[in-house]
Amino acid sequence: ASSSVQRLRILLVGAGGVIGRCVHEALRDTHAVIPAGLEVPQGRIHVQLDLCYSTALVRAVRALGPIDAVISTEDVPVSVRFRTDAAGVE
């Protein structure tokens, strides 16, 4: 019997950290994982971004096109307020 698991396109934020690398390792064979963060492993597709800048996150997601899921292993407190860059998008 063959398994028909849907291959999801997943944005993995914090992919360069210890937990992020473990999550990437666990998912990369069954899903299309797109690593993202300040320091990400260089691969075919990756996104370098700083979560404190809302415009960077918005631009990254828009540029990637459809994403099925976002997983964040980033250690950013919920209370962090987004800073804006020159584009001024919040």
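Only heavy atoms go into these numbers, but all of them, side chains included; no hydrogens, no water, no symmetry mates. Residue numbers start at 1 and run along the sequence shown. Predicted model only: the values in this text are computed from it and were never measured.
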*Less than 4.5 Å apart, any side-chain heavy atom of I10 and any of L27?*
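Heavy-atom side-chain distance check passes, below 4.5 Å.
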
*Decide yes or no for T73 and L12: does some side-chain heavy atom of the first lie under 4.5 Å from some side-chain heavy atom of the second?*
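T73 vs L12: side chains touch.
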
*Nearest heavy atoms of P35 and H24, plus distance in Å*: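 P35 and H24 have their closest heavy atoms at CG-NE2, 4.2 Å.
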
*Report the residues that fulfil side chain to side chain donor-acceptor pair (under 3.5 Å) with E25, sequence neighbours left out, ordered by chain and then residue number.*
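Here the qualifying residues are R28.
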
_Contacts of type side chain to side chain contact (heavy atoms under 4.5 Å, CB included), residue I67, not counting sequence neighbours_ =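 Side chain to side chain contact (heavy atoms under 4.5 Å, CB included) list for I67, sorted by chain: R9, L11, I34, L64, V70.
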
_Working note: L8 + T30, criterion side-chain contact (heavy atoms from CB on, under 4.5 Å); need CA distance, chi angles, decisive distance, verdict._
CA-CA 8 Å; L8 299 176; T30 54; over 6 Å; no

